[in-house]
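A quick write-up on the structure given underneath.
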Amino acid sequence: TAFRKVLSLLPPGKPIICESQSLINHFEPGIFIIMVSEDDSERKDISGIRRHAHLEFTLTRINATTVLPFRWTGNEWVF
């Protein structure tokens with residue numbers, strides 16, 4: 001696939017940040033973060049991917065956060 005071709009061009013051991021909820025169905029990420037809505041009336045159904053999440057954030061929480069609760073060590077994600 002095109003995605004596997006792109007992966008083959010990347011240096012090994014480097015973090016890759018990808019904004020795609022559909023990739024969770026094909027790859028096991030080192031860390032999977034999702035944004036959730038605080039407004040239930042406009043929320044789409046994310047129950048299928050929510051079970052894979054290592055961390056969830058709301059916009060309010062991100063705005064109040066000065067240090068994110070995860071980091072890249074140079075070898076792996078720590079959260």
Side-chain angles (χ1 to χ4, degrees):
T1 67
F3 188 74
R4 289 194 188 278
K5 177 63 177 171
V6 169
L7 282 178
S8 74
L9 301 173
L10 299 172
K14 300 295 180 187
I16 300 168
I17 298 173
C18 180
E19 187 203 0
S20 173
Q21 69 180 16
S22 63
L23 286 178
I24 194 68
N25 297 317
H26 305 284
F27 298 95
E28 176 64 32
I31 186 171
F32 182 54
I33 302 167
I34 60 173
M35 295 294 295
V36 294
S37 175
E38 296 168 305
D39 181 0
D40 286 340
S41 67
E42 295 187 27
R43 186 187 321 195
K44 63 183 177 180
D45 182 15
I46 60 168
S47 59
I49 63 162
R50 201 171 193 174
R51 62 186 165 92
H52 297 285
H54 296 107
L55 297 170
E56 290 185 8
F57 292 104
T58 61
L59 185 57
T60 301
R61 182 172 175 207
I62 286 290
N63 285 337
T65 301
T66 55
V67 177
L68 293 173
F70 62 91
R71 64 186 170 86
W72 175 251
T73 67
N75 297 315
E76 64 184 348
W77 290 104
V78 176
F79 48 96

I need the minimum non-hydrogen distance between Thr65 and Val67, along with the two atoms involved. CG2-O, 3.0 Å
Smallest heavy-atom separation, Ile49 atom then Phe32 atom, equals O-CE2, 3.6 Å
Return each pair, listed once, that meets salt bridge (charged side-chain N to carboxylate O under 4.0 Å, His left out) where at least one residue sits in residues 52-68; pairs must be two or more places apart or across chains. Arg50-Glu56
Could you give all pairs that pass the side chain to side chain donor-acceptor pair (under 3.5 Å) test and reach residues 5-14, with sequence neighbours left out? none
Those residues at least two apart in sequence (or on a different chain) that pass side chain to side chain contact (heavy atoms under 4.5 Å, CB included) with Arg51 are none
With clusters built from Ile, Leu, Val, Met, Phe, Trp and Tyr whose side-chain heavy atoms come within less than 4.5 Å, directly or transitively, what are the remaining members of the cluster of Leu68, listed by chain and number? Ile31, Ile33, Met35, Leu55, Phe57, Ile62, Phe70, Trp72, Trp77, Phe79
Apply the hydrophobic cluster definition, ILVMFWY joined by side-chain contacts under 4.5 Å directly or through others, and give me every member besides Val78. none
Counting only heavy atoms not in Ile17, do more than 12 fall under 6.0 Å of its CD1? no
Could you work out, with side chain to side chain donor-acceptor pair (under 3.5 Å) as the rule, every residue matching Ser47, not counting sequence neighbours? Asp45
Can you sort out the partners of Glu76 under side chain to side chain donor-acceptor pair (under 3.5 Å), two or more places apart, ordered by chain and number? none
